[in-house]
Amino acid sequence: MYIPKKQSWHIEPPWGLLNDPNGLIWYKGNYYAFFQWNRLAKDHSSKAWGFATSPDLVHWQFRGSALLPDQPYDAQGVYSGSALEIGGQLNLYYTGNVKQEGRRISRQCLAVSEDGRHFRKLGPVLTTPAGYTEHFRDPKVVPDPQGGYAMVLGAQRQNGLGAVELAISQDGVHWVPGGAIGLSEEYQMIECPDLFALDGAPVLLYCPQHRDNDADASLDSFSVGRVLDQWPDAANPLDLDTGWQRLDAGFDFYAPQTFRVPDGRRILFGWMSRLEGEEETAFGAEEPRIHCLTMPRELFRRGQHLCQRPVREQRELPGTPVAGETTGNGRLYRPARRAFRFTADNLAPNRDLELTLHGGEWSFRYDAAARTVTVQRRRWTDSGTDTRQAELPALTSLELWCDQSSAELFLNDGELVFSARFCPTAPQPSLLEAGLTPETPAQLTLLPEDLYRFIPKEEEKS
Ligand code: FRU
């Protein structure tokens with residue numbers, strides 16, 4: 001029996017392919033999550049911006065497309081970017097990608113909206129400065145603490161190595177290059193940077209990427225973050241190859257972006273997949289769509305360490321508790337749906353712990369003696385398993401947030417996070433826990449249905 005992968009509460013498009021989150025913002029009373037969307041095929045051939053909105057970070061509605069690749073300067077893709085409200089207007093910054101006869105041209109473009117529903121393109125606002133190849137993209141625009149606005153961009157230098165470039169503007173419309181604020185000697189490209197202040201310290205997120213420059217192909221990439229001593233500037237470029245932490249220790253997490261919400265929290269979404277090739281094709285084979293965003297997470301820091309936890313609004317959602325039956329040294333839960341959270345606090349020290357979802361589609365094991373966390377998922381292209389491991393000296397709490405075909409695991413209140421898509425095969429959802437003491441406060445809660453809605457077809461834009 002085929003079990004659909006359609007998520008019930010994560011942001012995903014009704015059809016086609018989703019990748020990076022773009023233009024996250026709170027604007028005129030609603031949260032906006034734009035994202036890269038190929039609405040024509042489940043591949044990376046054509047990119048538009050799709051979007052979803054929410055009044056509360058919990059109930060999301062898909063809104064169709066916002067920016068289509070319909071201009072000479074963005075004909076082969078409205079690539080990733082960001083949003084900023086300036087003087088009541090919603091400014092969307094993105095990379096217009098043109099690729100003709102193998103030749104790429106990237107231009108940073110601006111589109112504006114007064115109502116968050118109708119978008120008007122104003123065209124390119126920055127061309128690639130000298131010293132860079134046309135792998136120059138993903139503008140993140142932020143207020144500059146010195147006044148005016150700063151744009152950080154992912155870039156590749158003429159020597160074939162990665163950089164984060166700065167551009168500056170007084171009005172958010174007219175931009176001039178400001179030099180490299182970070183340089184890599186190890187990676188051939190940096191994608192999707194983000195720059196912001198977190199509890200008084202500047203933080204830079206970025207995605208180092210190995211590329212085969214001759215074949216113009218990505219080899220591998222991942223996403224990192226680091227807390228900086230001072231707001232970066234081109235006089236003193238950072239060494240991008242050191243001093244970072246991986247933001248997620250799991251399988252599926254890339255291109256995260258953040259935004260500040262009115263109460264001051266910094267909220268992060270990532271692209272919850274990093275599937276490629278045969279794995280990606282097989283995952284989407286019997287589905288109208290592929291990939292989703294992660295759940296919204298609050299990004300915060302403990303000293304120099306970046307942590308992520310599910311947003312308060314999600315944690316406070318009312319839900320139906322499901323009791324577990326005692327088995328061996330743990331409990332077996334049989335929730336009616338795959339959309340649930342499982343939380344356990346005040347974990348007894350030095351105990352091994354195991355969680356197994358749906359008969360082994362996904363599993364977690366903490367080995368207290370070895371101080372390691374192991375997360376596994378059953379592969380869907382062959383009979384093997386994928387494994388991720390990380391060190392963790394002590395396990396004190398965990399939160400596991402599940403949807404139809406994903407699991408996001410937060411350990412020690414956000415110290416370590418593992419994100420995964422997996423292939424549903426078990427007709428009866430289940431969670432088997434082994435190792436918690438009977439007195440540990442643990443709870444499985446079914447999430448409400450209908451948190452995420454596609455709007456009826458007749459209302460959708462093209
Ligand atoms: C990252 C990325 C970005 C680019 C976008 C295109 O996943 O390659 O650098 O703007 O995807 O969809």
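One-based numbering, in listed order, for ligands and for the atoms of each. Bear in mind the structure is a predicted one, so any value in this text is a computation, not a measurement. Worth knowing before you read on, the calculation uses all heavy atoms, side chains too, and leaves out hydrogens, waters and symmetry mates.
Side-chain atoms of E287 come within 3.5 Å of backbone atoms of K5 as a donor-acceptor pair (strictly under, hydrogens ignored).
With sequence neighbours left out, the salt bridge (charged side-chain N to carboxylate O under 4.0 Å, His left out) criterion links R137 to E191.
For the pair R453 and F62, the NZ or CZ position fails the cation-pi test of under 6.0 Å to the six-membered ring centre and within 45 degrees of the ring normal.
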Show me a pair-per-line table, with atom names and distances to 0.1 Å, of protein N or O atoms that are under 3.5 Å from an N or O of ligand 1.
residue	atom	partner	partner atom	Å
ligand 1	7 (O)	D20	OD1	2.8
ligand 1	7 (O)	D20	OD2	3.3
ligand 1	8 (O)	E191	OE2	2.9
ligand 1	9 (O)	R137	NE	2.8
ligand 1	9 (O)	D138	OD1	3.4
ligand 1	9 (O)	D138	OD2	2.7
ligand 1	9 (O)	E191	OE2	3.1
ligand 1	10 (O)	S80	N	3.2
ligand 1	10 (O)	D138	OD1	2.5
ligand 1	11 (O)	N19	ND2	3.3
ligand 1	11 (O)	D20	OD2	3.1
ligand 1	12 (O)	N19	ND2	3.0
ligand 1	12 (O)	Q36	OE1	2.6
ligand 1	12 (O)	K47	NZ	3.0

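The ring of F251 has its center no closer than 6.0 angstrom to the ring center of F253.
Among pairs with a residue in residues 288-303, those fulfilling side-chain hydrogen bond (donor to acceptor under 3.5 Å, both in side chains) read D248-R297, S273-H291, E280-H291, R297-Q308, R297-E408, R297-S419, R302-D413, at least two apart in sequence or across chains. Sequence neighbours left out, the pairs with a member in residues 227-240 that pass side-chain hydrogen bond (donor to acceptor under 3.5 Å, both in side chains) are D239-T242.
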